[in-house]
Amino acid sequence: MNDFVGMEDLLSDFLLEAGEMLSDVDSKLMDLEKHPDDSHLLNDIFRGFHTIKGGAGFLNATELVTLCHLTENLFDKLRNRELTLNAELMDVIFAATSEVRRMFDALQQTQQPHAAPMQMLEDLKIALTGKAVLRTEAKGLGKTAAPQSPVPSTAPDGVDWDALYNALTGTDIVEKVGATRDPEQIAEAVSEEESTKKAFGRRTSDVPGATVGRRDGDVPIKEAKESTIRVETSRLDQVLNLSGEIGLTKNRLTHLRSSILQGRNDVDTLRELDQSVSQLDMLVVNLQNAVMKTRMQPIGRLFKKYPRLARDLARSLGKDVELVLSGEDTEMDKTMIEDLNDPLVHLVRNAVDHGVETIEQRIAIGKPEKSLVELSARQEGDHIVITIVDDGRGMKPEVIRNKAIEKGLLTSEMANTLDENQCLELVFLPGFSTKDEISSVSGRGVGMDVVKTNIQKLNGTISIVSEVGKGSVFEISLPLTLAILPVLILRLGEQSFAVPLSMVREILSVSQGQLHRVSGRATMVVRGEVLPVLPLSQLIGWEESDKEPEVGVLMQFGNNSFILAADGFAGHDDVVIKSLDTFRPKGVAGVTMSSEGDIVLILDIKELLNEVRGG
């Protein structure tokens, strides 16, 4: 259902601009909590809500207008010094911004958002009067309580909602809650009934003043990725200038071609041809780099989401945590920034939940009450390095090893062969968790597994350094972009294949005398280490030829190392990957073209190895 027929362009522009504005408001709210008397911050946040309210008014999103209007009025009183900011009021404000974002999600699905919870609106109104807003529970994330008015069983239009609910669900809700009209108990009963019969239940529009359930379309299952990108005009001007110069060079080459076809092949003509081709090569490289820069975005757009995440989680756990950001201006490919969100969310949550101690524990060991978690980014050559550092309790390799054995993730014999660094990396195993009890934050053993899997999908690596009592450092290394991939080109017969250069550690010559058989499998000793030899033909499922391999490539990803045997190699190159959308064979990440015009398959080594092991 589309509630914005004919207004799609206006809606898209609003979501783009208002989404960035709300993220900026969230960031400024974190600063405001540290500097509650900063008039510039109060004015900026006030203008943010005012602007969002104005845009929502054009879209007739009345519920969003109502919520923004109350929040705007609250900041108007704060900036005029009629109210004083405190922790409880900040919880109300943060809850309001979360609800605004929920309404944005509904708008993303081209649906008018439902009203904010009545309790939230009441809290805002109470705050506007200057009265204290009481919290219902110490660990609520923005959950506040205020005097409630009973929810009427019969609406002003005379409909008996209890009778209607009983007819639809077969459940007497009054009897279920013990013949009470307490709104919290009623909401709890309705929520329980809706968990098994989602087709039934009451909506906000059904009973004025009661927020019981939401439609399925209110919040999307997965947040849609942005389909637009903001580019500085100077970068587009550079692309335009280079395109113009390439056009002039093309005209020059066309003229020289005509001269050569007419028989002018003297030394001067050939020299001009060589100069023009060299100039064209330089211009194409510059154009390629300029186009790649249009895809680059500052990683700070992603980082600024996490201080709010850390703040809310820390308050729910009874901790005092400050997330410090640095290197926000570091740029990387926009598509990679979007795919980094899930891993960084897990790492930030992990640092707050597992990494740092509670306030009482820190005081007992002589640490400051406030814990520090630092999220930083920097560029090193053609890679981006992201680090998450905490000053918490650190990680004990022995505890991690024993926990992995206890959960059956590895045997005692295997565990005893691991050094301290390898023990720390056990946290990336699927199903591993140091928590015995499952909570909404941790304990299921999927967080760090997701982190490593997603980082590897981006051709990146992650490492851990930890010192007991001092804290831990998680370091992620990623390529600047996935659009251009450095590869090593191997030959098998007359066909060329490419493997990611990031996995290549060494190129070796292979002779019959160097190969040894262990349990029927070919192996090779490299600097005292016995490594398995896997022919490329076996990896891709071709029939093995009688010809002995001449080249061995020492491949490594994660903790796995092996030698990939091939007939030869044709050097390395930086290639543009062409994806196979309609048909993608197993083990093929994409294709590219060689300088001779041949098609080169880019192999997905991890998928091929899994296929071989599975077979």
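Numbering starts at 1 and runs along the sequence shown.
No side-chain heavy atom of F497 sits less than 4.5 Å from a side-chain heavy atom of I602. Within the 4.5 Å cutoff, the side chain of L424 has heavy atoms near those of the I400 side chain. No side-chain heavy atom of F432 sits less than 4.5 Å from a side-chain heavy atom of M448. Side-chain contact between T387 and I476 is absent, with no heavy atoms from C-beta onward closer than 4.5 Å. Side chains of M395 and H354 form no contact here, defined as non-hydrogen atoms less than 4.5 Å apart. For the pair V600 and V487, the minimum side-chain heavy-atom distance is 4.5 Å or more. Looking only at side-chain heavy atoms (C-beta outward), E99 and L67 come within less than 4.5 Å of each other. Taking the side chain as every heavy atom from C-beta outward, V25 and F75 never approach each other to under 4.5 Å.
Panel note: side chain K370, backbone K319; no donor-acceptor pair is recorded below 3.5 Å. The closest donor-acceptor contact from the side chain of Q108 to the backbone of L15 lies at 3.5 Å or more, if one exists at all. Remark: the backbone N or O of E17 is not paired with any side-chain donor or acceptor of E20 at under 3.5 angstrom. Under the 3.5 Å distance criterion, the side-chain polar atoms of R362 are matched with a main-chain donor or acceptor of P368. Using a distance-only test at 3.5 Å, with no hydrogens or angles considered, no donor-acceptor pair links the side chain of K452 to the main chain of L429. A donor-acceptor pair under 3.5 Å is formed between the side chain of N402 and the backbone N or O of E398. The backbone N or O of A415 sits less than 3.5 Å from a side-chain atom of R401, completing a donor-acceptor pair. Checked by atom type and distance alone, the side chain of D333 never pairs as donor or acceptor with a backbone atom of M296 at under 3.5 Å. With hydrogens and angles ignored, the 3.5 Å screen pairs no side-chain donor or acceptor of S371 with any backbone N or O of V356. Using a distance-only test at 3.5 Å, with no hydrogens or angles considered, no donor-acceptor pair links the side chain of D391 to the main chain of G471.
In K396, the NZ atom is not crowded: 12 or fewer heavy atoms of neighbouring residues, nucleotides or ligands sit closer than 6.0 Å. By the 6.0 Å contact criterion, NE2 on H383 is enclosed, its count of non-hydrogen atoms from other residues, nucleotides or ligands being greater than 12.
The ring pair (Phe, Tyr, Trp, His ring centres under 6.0 Å) search around Y306 returns none, not counting sequence neighbours. With sequence neighbours left out, Q361 forms a side-chain contact (heavy atoms from CB on, under 4.5 Å) with E357, T358, R393. Under the rule for a side-chain contact (heavy atoms from CB on, under 4.5 Å), D9 has no partner lying at least two apart in sequence or in another chain. With sequence neighbours left out, the side-chain contact (heavy atoms from CB on, under 4.5 Å) criterion links R47 to N43, D44. In this view, D24 and K28 satisfy the salt bridge (Lys or Arg N to Asp or Glu O under 4.0 Å) rule, not counting sequence neighbours. Taking the salt bridge (Lys or Arg N to Asp or Glu O under 4.0 Å) definition, one finds that E360 meets it with nothing, sequence neighbours left out. Qualifying side chain to side chain donor-acceptor pair (under 3.5 Å) partners for E63, counting only residues two or more places apart in sequence or in other chains: none. For R378, the salt bridge (Lys or Arg N to Asp or Glu O under 4.0 Å) criterion is met by E380, E475, not counting sequence neighbours. When the side chain to side chain donor-acceptor pair (under 3.5 Å) test is applied to S466, the partners found at least two apart in sequence or on another chain are S472. With sequence neighbours excluded, no residue satisfies ring pair (Phe, Tyr, Trp, His ring centres under 6.0 Å) with F562. A search for side-chain contact (heavy atoms from CB on, under 4.5 Å) contacts involving E369 returns I359, I363, not counting sequence neighbours.
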Next item on the list: Report the C-alpha separation of R308 and T97 in whole Å, then their side-chain angles, then the decisive distance to 0.1 Å, and conclude whether the side chain to side chain donor-acceptor pair (under 3.5 Å) test is met.
Entry: CA-CA 11 Å; R308 166 75 186 277; T97 59; 2.9 Å; yes

Check: Do T453 and F428 pass the side-chain contact (heavy atoms from CB on, under 4.5 Å) test, and can you show the C-alpha distance, the side-chain angles, and the key distance before you say yes or no?
Finding: CA-CA 9 Å; T453 301; F428 295 120; over 6 Å; no

Next item on the list: Step by step, work out the side-chain contact (heavy atoms from CB on, under 4.5 Å) result for L85 and E33.
Entry: CA-CA 8 Å; L85 196 63; E33 195 168 31; over 6 Å; no

Next item on the list: For V100 and K53, run side-chain contact (heavy atoms from CB on, under 4.5 Å): C-alpha distance rounded to whole Å, both residues' side-chain angles, the deciding distance at 0.1 Å, then the answer.
Entry: CA-CA 10 Å; V100 170; K53 183 185 78 171; over 6 Å; no

Item checked: Check against side-chain contact (heavy atoms from CB on, under 4.5 Å), L340 and L478 -> CA-CA 10 Å; L340 264 178; L478 297 162; 3.7 Å; yes

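Summarising the geometry of L64 relative to L107, their closest heavy-atom pair is CD2-CD1, 4.0 Å, with the distance given to 0.1 Å. Between T417 and M414, the shortest heavy-atom contact is OG1-O, 2.6 Å. Contact detail for M103 and A115: the closest heavy-atom pair is CE-C, 4.2 Å. V373 approaches A351 most closely through the heavy-atom pair CG1-CB, 4.0 Å. Shown here for L302 and I337, the closest heavy-atom pair between the two residues is CD2-O, 3.5 Å.
Side-chain atoms of E8 and N2 form a donor-acceptor pair, as typed in the model, at a separation below 3.5 Å.
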Could you list the donor-acceptor pairs under 3.5 angstrom formed between side-chain atoms of residues 320-328 and any protein atom two or more places apart in sequence or on another chain?
unit_1	atom_1	unit_2	atom_2	d
E322	OE2	K34	NZ	3.2
S326	OG	E374	OE2	3.4

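A salt bridge does not link K293 to E331: none of the charged nitrogens lies less than 4.0 Å from a carboxylate oxygen. With salt bridges taken as basic N to acidic carboxylate O contacts below 4.0 Å, none links D105 and R101. In this structure, D91 pairs ionically with R311, as a charged nitrogen and a carboxylate oxygen lie closer than 4.0 Å.
One distance of note links CD of Q111 with CZ of F4; it measures 9.0 Å at 0.5 Å rounding. The CD1 atom of I299 sits 9.0 Å away from the CE atom of M336 when rounded to the nearest 0.5 Å. In this structure, CG in L344 is found 5.5 Å from CD1 in I388, a value given to the nearest 0.5 Å. Note that CG of L16 is 10.5 Å distant from CE of M21, once rounded to the nearest 0.5 Å. Note that the CD atom of Q297 and the CD atom of E338 stand 9.5 Å from one another [nearest 0.5 Å]. Rounding to the nearest 0.5 Å places CG of L375 at 14.0 Å from NZ of K304.
Ring pair F14/F104 is perpendicular by interplanar angle, where above 60° counts as perpendicular and below 30° as parallel.
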